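Shown next, in C-alpha cells, is the structure this report addresses.
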Amino acid sequence: MRIDKFLKVSRILKRRTVAGDACKAGKVSVNGREVKPAYQLKVGDVVELSFAAGSLKFRVLGLKETVKKDEAPSLYEIIASPGEA
C-alpha cells in the first residue's frame, strides 16, 4: 500500500493530499529514509512523521484498504509521539 494512502486510512493524517504534500516536503521517512507519496509500505516498517512540535514515530502492524474509525489504531503501534522523541 502507498504511504500516502496508509496515512489517510489509518487516520494519522486527515486527507490523502495532506499526506502526499508531507511526503513531498520531506517530512515523512520510512526506516530512516525520506520517501515519496508512492512508496510501497510493508508490515513492520517504522515510519517517522515530522511536525513543527516534534515527530511521531510508529511501526506498521497491518495494511487494509478501508477500516472503520474504531479499528484505525490497530494498523500501527506508536513508538514515540511529539514531545517524547
Side-chain angles (χ1 to χ4, degrees):
M1 173 182 289
R2 289 171 55 115
I3 182 77
D4 58 346
K5 183 167 184 178
F6 177 82
L7 291 171
K8 187 250 183 217
V9 169
S10 64
R11 291 171 172 80
I12 291 171
L13 293 175
K14 193 169 185 171
R15 293 191 322 268
R16 191 167 175 179
T17 53
V18 172
D21 291 344
C23 291
K24 290 175 190 169
K27 296 180 185 282
V28 180
S29 63
V30 177
N31 300 325
R33 297 177 60 202
E34 280 186 16
V35 295
K36 297 188 187 255
Y39 179 83
Q40 291 296 314
L41 205 56
K42 297 175 286 307
V43 172
D45 282 344
V46 175
V47 180
E48 187 166 3
L49 217 68
S50 299
F51 299 103
S55 66
L56 172 66
K57 195 172 190 178
F58 61 91
R59 180 174 291 108
V60 178
L61 300 178
L63 300 171
K64 293 184 180 177
E65 291 295 315
T66 59
V67 291
K68 293 181 178 170
K69 186 178 181 181
D70 304 350
E71 299 169 4
S74 71
L75 297 177
Y76 58 91
E77 165 190 41
I78 294 178
I79 299 169
S81 58
E84 288 180 25

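Source: prediction; values computed, not measured.
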- Message: A quick test of your reading: do over 12 heavy atoms of other residues, nucleotides or ligands sit less than 6.0 Å from CZ of R11?
- Response: yes
- Might you point out which heavy atoms bring G20 and P37 nearest each other, and give the distance in Å? O-CG, 3.6 Å
- Heavy-atom closest contact (S55 atom, S50 atom, distance): CB-CA, 4.2 Å
- Query: So do the side chains of D45 and F6 get within less than 4.5 Å of each other, counting heavy atoms only?
  - Reply: no
- Query: How about F58 and I12: do any of their side-chain heavy atoms sit closer than 4.5 Å?
  - Reply: yes
- Message: Nearest 0.5 angstrom please: L13 CG to K8 NZ, how far?
- Response: 11.5 Å
- Got a second to check how far L41's CG is from L7's CG, nearest 0.5 Å? 8.0 Å
- Task: Test side-chain contact (heavy atoms from CB on, under 4.5 Å) on V46 and K57 and set out the steps.
- Result: CA-CA 7 Å; V46 175; K57 195 172 190 178; 3.7 Å; yes
- Spacing of I3 atom CD1 and L49 atom CG [to the nearest 0.5 Å]: 8.0 Å
- From S74 OG over to K64 NZ, what is the distance, rounded to the nearest 0.5 angstrom? 5.5 Å
- Got a second to check how far D4's CG is from R15's CZ, nearest 0.5 Å? 13.5 Å
- Message: Evaluate V30 against K42 for side-chain contact (heavy atoms from CB on, under 4.5 Å), listing each step before the verdict.
- Response: CA-CA 10 Å; V30 177; K42 297 175 286 307; over 6 Å; no
- Item | Minimum side-chain heavy-atom gap L75-L61 below 4.5 Å | no
- Do K36 and K24 pass the side-chain contact (heavy atoms from CB on, under 4.5 Å) test, and can you show the C-alpha distance, the side-chain angles, and the key distance before you say yes or no? CA-CA 6 Å; K36 297 188 187 255; K24 290 175 190 169; over 6 Å; no
- Would you indicate whether E34, at its atom CD, is surrounded by more than 12 heavy atoms from other residues, nucleotides or ligands within a distance under 6.0 Å? no
- Go through Y76 and V47 one step at a time and tell me if the side-chain contact (heavy atoms from CB on, under 4.5 Å) criterion holds. CA-CA 10 Å; Y76 58 91; V47 180; over 6 Å; no
- To the nearest 0.5 Å, tell me how far R16 CZ sits from K5 NZ. 6.0 Å
